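Below is one structure; the comments refer to it alone.
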Number of protein chains: 2
Amino acid sequence: MAASTLSEVARLAGVSPATASRVLNGSARTPGAEVADKVRAAAATLGYIANAQAQALATSSTGLLGLIVHDIADPYFSTIARGVQQAARLHGKAVLLASTGGTPAEEQEAVAQFAGRRADAIIVVGTRSTRPEHAQDNAALAAGLQRYCANGGRAAVVGQPLTGAPQIDGLQTVQLPNRELATELAQTLGAMPFREFSLVAGPPGLTTSDVRLEGFQHGLSLAGREPAPVRRTSFDRAGGYAVGLQLGGELAREGGPASGSGAAAGGPVPCIVAVNDVMAIGLIAGLRESGLEVPADVAVAGFDDIETLRDFQPALTTARLPLERIGMLAAEATLSAPQDRPDLEVAGEVMLRFSTGSPVVSPAER
Amino acid sequence: MAASTLSEVARLAGVSPATASRVLNGSARTPGAEVADKVRAAAATLGYIANAQAQALATSSTGLLGLIVHDIADPYFSTIARGVQQAARLHGKAVLLASTGGTPAEEQEAVAQFAGRRADAIIVVGTRSTRPEHAQDNAALAAGLQRYCANGGRAAVVGQPLTGAPQIDGLQTVQLPNRELATELAQTLGAMPFREFSLVAGPPGLTTSDVRLEGFQHGLSLAGREPAPVRRTSFDRAGGYAVGLQLGGELAREGGPASGSGAAAGGPVPCIVAVNDVMAIGLIAGLRESGLEVPADVAVAGFDDIETLRDFQPALTTARLPLERIGMLAAEATLSAPQDRPDLEVAGEVMLRFSTGSPVVSPAER
DNA sequence: CTGTTAGCGCGTTCAC
DNA sequence: GTGAACGCGCTAACAG
């Protein structure tokens, strides 16, 4: 990567590098029109492109925005990433992406990487972990962000605050209404004539999963329901599918050798709630594999309201999180003036659809 | 972003900056063990993190890999992005992301941005455009990449070669088997007892769409079928939905006031093929909205085999592209030795599923 | 309004 | 094995 330099342009234009710099970038005082034109012409013929590294070194500001997600191919993260990207572009920043895999150790690595590149801001997205085996890495991650912020970096965490970390001062948190929305969803569902509830969650210690679980149980109790049994599985489609096969088998057996259409039976059906949409989709696939129909034999709900999944049949009852907006918010928070505003909050919305027997809305209005 | 510097570390360790540099990075000759330890200790207590900008300036290599996509929230692109990210990490590179919106003008902007940051490589993903209004921007894009490569940058385009551009020497192309796969899909489908075929495509001038269209028509003719009529719409879910409503209305009318289940009628049904999965999903939603059932009343097929859509019901017949692998390949191509290998090719696979009446495969095997 | 100087943080050739 | 000096490309003070 050896392109032409500013001094080459300056020489060709017959001026000093400083003047060339003033012309080519938005310096306070623009040089004379003639000179400016000469410089621009020289730059054009040489195909000059300013070296951002050198500029960064000189100005100590890189225009880089670091984004750390668990998996960029997961629609949850890619939608947030789109929001971040938009905000970044609006501010003239470039996005540095790290798709980690989800462990605090990898996240910490990414933070170090971005800190080394002197990113102006870092955004960390994805569930935290309270698993004991992650305690040390969590501490390292917190320390990394701590130091990054202490050195003047701006940072934001989307979801929950860092686990087991003290107050880090430059660090913002974009609070997601996981608990509240889950409560609302459970309360709404709890008031409907379902026979019983089951919950499908990720492994214990994944904060997002745990918090949504808590919210669900709370909502159920508010609705006068018993606490629901919880199945633990992996926090992805495959986990949902596995549990779907399991639960499907149990329900089918219980409903008799030929469960058939539960709708025909007419009785109330059970309702299974997964802690996110992707798991719910897998769950439904598993239930179907077991010969059950949704919502005739069993109702299902998810969480997130992933856009790509909105044409799914039966339409999935879920709790909508404004993912793209969340990404923008996080980016804005780190990019705008470092006010000591309180932690940002976001609103969600319960979406009742046919997977729990609610009337269908026209797909046009997705 | 004012962190501690190498000379601070050196001073604290009582050595020269040069020595500190040798210790902290993998220099050829490692200094004495005692000195090394002192330096490392100093670095640790100061929380030293090397300034990548300065290193880049000194070594003229940034370790940056630029990735340009049309929309990071689109599963097609996010899956490719995952592949790129993995390869990048393997090579110790960081990924610079640009989600452009899809126009050549924005892509050109992103290329300039990345060139300015002196990215070691640039990968451009997404359909090219041959629309006349894009001719100028296409030229600018080509010129930008041309210069970037001339300056020693490595670059790759995924999909089709740049439109209207001369041979750019450092530029690799990852050829996607769009035409061949489309032909194969159409040939397979054409041999099945469908009444007739319709094609749903993006606006004319989107190369990916156009090429797949050509392939389809060719495959149909190989199967002894008439060329199929083409509906043009937007290259996304909404476009598919709109056409679905349209075609659905026509088919329903033609089938009589109460089309009901075509399966009952027993006759052969029409088959509609969309140029990508996302459009196909929208299409199905629109058809359903018109009261038609897939595949009983009408068969539907897509292209890409998007992972998130694999649990969709009816399971979508499609042509699988190994998207993640494609991303890795593109990254490897730009990151590995600049051999003059011919343009890379990728294999795909026709996936027959229930949306065209083919037997269902267990969802476990997605 | 323009040119000169210095320095951003680091790698690297040279001498020692 | 270690230190001193220079340069990467650019911006920001300071003179003129």
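Here is the naming used below: chain letters follow the sequence lines, and residue numbers restart at 1 for every chain. Since this is a predicted model, take the numbers as computed values, not measurements.
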Between dC10(D), dC10(C), dG3(C), which one does the side chain of S16(A) approach most closely? dG3(C)

From the options dG3(D), dG9(C), dC10(C), select the nucleotide whose nearest atom is closest to the side chain of L57(B). dG9(C)

Using a 4.0 Å heavy-atom cut-off across all strands, classify A56(B) as base, sugar-phosphate, or nothing. nothing

Rounding to an integer number of Å, can you tell me how far [X] [atom1] sits from [N] [atom2]?
X       : N       : atom1 : atom2 : result
N51(A)  : dC10(D) : CG    : P     : 6 Å
R117(B) : dG9(D)  : CZ    : P     : 17 Å
L24(A)  : dC10(D) : CG    : P     : 9 Å
Q53(A)  : dC10(C) : CD    : P     : 14 Å
Q55(B)  : dG9(D)  : CD    : C1'   : 16 Å
E8(B)   : dC8(C)  : CD    : P     : 10 Å
L6(B)   : dG3(D)  : CG    : P     : 12 Å
R118(A) : dC10(C) : CZ    : C1'   : 11 Å

Note: A54(A) and L57(B) closest approach over all heavy atoms is CB-CD1, 3.9 Å

Correct closest heavy-atom pair for G63(A) and R117(B) would be O-NH2, 3.2 Å

Can we say R89(B) and E106(A) salt-bridge, meaning some charged N sits less than 4.0 Å from an Asp/Glu carboxylate O? yes

Would R128(A) and E107(A) pass as an ion pair if we require N to O under 4.0 Å? yes

From the list T130(B), T207(B), N138(B), side chain to side chain donor-acceptor pair (under 3.5 Å) with T163(B) holds only for N138(B)

Phosphate contact (dG11(C) OP1 or OP2) by S21(B) side-chain N/O below 4.0 Å: yes

Using the closest heavy atom to pick a nucleotide of DNA chain D for each, name whichever of P17(B) or S4(A) lands nearer the 5' end. P17(B)

Both A54(B) and A18(B) contact DNA chain D. Taking the nearest nucleotide for each, which residue is further toward the 5' end? A18(B)

DNA chain C contacts among residues 34-48 of chain B, heavy-atom distance under 4.0 Å: Y48(B)

Would the number of heavy atoms belonging to other residues, nucleotides or ligands and lying under 6.0 Å from CD of E133(B) be above 12? yes

Partner of D120(B) by side-chain contact (heavy atoms from CB on, under 4.5 Å), out of K93(B), R154(B), H91(B): K93(B)

Could a donor-acceptor pair under 3.5 angstrom be found where the side chain of R22(B) meets the base of dG3(D)? yes

